[in-house]
Colleague: 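I am attaching a structure below and will ask some questions about it afterwards.
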Amino acid sequence: MSGAGGPTTPVGPVNARVAIIAASWHEEVMEGLVAGATRTCDEAGARWQLIRVPGSFELALGCSIAAATRRFEALIALGVVIRGDTPHFDYVCRAAADGIMRVSLDSGVPIGFGLLTCDTEAQALDRAGLSDSTEDKGAEAAHAALTMVTVIRALG
Ligand code: DLZ
């Protein structure tokens with residue numbers, strides 16, 4: 001999937017409380033993703049809380065617990081899974097993606113999807129919003145989550 005063509009308009013001010021659910025594997029990449037998400041929230045004036053889970057497999061449960069508190073208007077799920085030699089990659093990615101979507105639809109809480117699913121660590125670093133990355137998927141996920149807050153408010 002190409003990263004080109006994403007929205008370029010800044011999200012604007014969003015006075016909301018947001019939870020960032022972040023996996024803990026691949027520290028350098030995760031640091032970049034979290035920094036992109038927190039910067040985007042700060043720029044919009046949204047208050048964020050960082051919640052760490054062990055791996056990307058646990059992202060959906062982390063989101064489910066955060067959504068159930070009803071304390072957050074949006075969630076941002078961040079993780080990186082790097083393909084290895086076994087089908088494990090597919091199980092973790094599928095569980096995370098399907099689980100996160102299920103939590104979002106069941107709870108009505110928007111969840112920005114910042115899960116990198118890469119063949120190599122180099123691909124992940126290039127998407128992590130670091131100084132020499134070409135893309136910033138943490139910022140993109142935060143942008144999507146905050147935009148959905150404004151959509152829900154406009155329709156509510
Ligand atoms: C086990 C595992 C492996 C092999 N790779 C990753 C990865 O690249 N990224 C990630 O976020 N998590 C990984 N995990 C951990 C699983 O997501 C999960 O935390 C464990 O299977 C324990 O439930």
Side-chain angles (χ1 to χ4, degrees), residues 1-7 11 16-42 44 46-149:
M1 199 159 98
S2 162
V11 74
R17 199 191 304 196
V18 171
I20 299 169
I21 317 298
S24 305
W25 279 61
H26 309 293
E27 197 175 340
E28 186 181 2
V29 180
M30 286 307 305
E31 258 179 41
L33 293 179
V34 170
T38 57
R39 191 189 64 251
T40 302
C41 289
D42 288 341
R47 284 150 292 143
W48 52 267
Q49 180 176 340
L50 180 63
I51 298 164
R52 285 284 184 177
V53 296
S56 296
F57 190 76
E58 285 76 33
L59 281 172
L61 180 58
C63 288
S64 177
I65 294 166
T69 67
R70 310 310 299 180
R71 293 210 314 260
F72 305 104
E73 271 188 272
L75 310 179
I76 301 161
L78 303 176
V80 52
V81 192
I82 299 185
R83 190 186 292 277
D85 295 332
T86 71
H88 198 91
F89 174 88
D90 303 295
Y91 288 101
V92 172
C93 296
R94 176 66 55 85
D98 289 354
I100 288 167
M101 178 53 82
R102 198 177 94 200
V103 171
S104 187
L105 293 176
D106 287 353
S107 66
V109 177
I111 306 178
F113 184 63
L115 177 67
L116 299 183
T117 58
C118 298
D119 288 333
T120 64
E121 188 181 27
Q123 287 179 343
L125 289 166
D126 196 36
R127 290 157 176 77
L130 300 166
S131 53
D132 49 358
S133 304
T134 61
E135 296 180 54
D136 187 346
K137 295 298 180 189
E140 285 180 26
H143 187 288
L146 294 172
T147 301
M148 286 306 296
V149 170

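Both counts, for ligands and for their atoms, begin at 1 and track the order of listing.
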Colleague: Using modelled atom types only, decide if a donor and an acceptor are shared between the side chain of Ser24 and the backbone of Gly55 within a distance under 3.5 Å.
Modeller: no

Colleague: I'd like the residue list for ligand 1, meaning every protein residue with a non-hydrogen atom under 4.0 Å from the ligand.
Modeller: Trp25, His26, Gly55, Ser56, Phe57, Glu58, Val80, Val81, Ile82, His88, Val92

Colleague: Heavy-atom distance under 4.5 Å between the side chains of Glu140 and Arg127, does that happen here?
Modeller: no

Colleague: Measure from the side-chain N and O atoms of Arg52 to the backbone N and O of Ala23, and report whether any donor-acceptor pair falls under 3.5 Å.
Modeller: yes

Colleague: May I ask you to test the Thr117-Phe89 pair for a side-chain heavy-atom distance under 4.5 Å?
Modeller: yes

Colleague: Side chains of Ser107 and Arg70: closer than 4.5 Å at any heavy-atom pair?
Modeller: yes

Colleague: Is it true that a side-chain atom of Thr147 and a backbone atom of His143 form a donor plus acceptor pair closer than 3.5 Å?
Modeller: yes

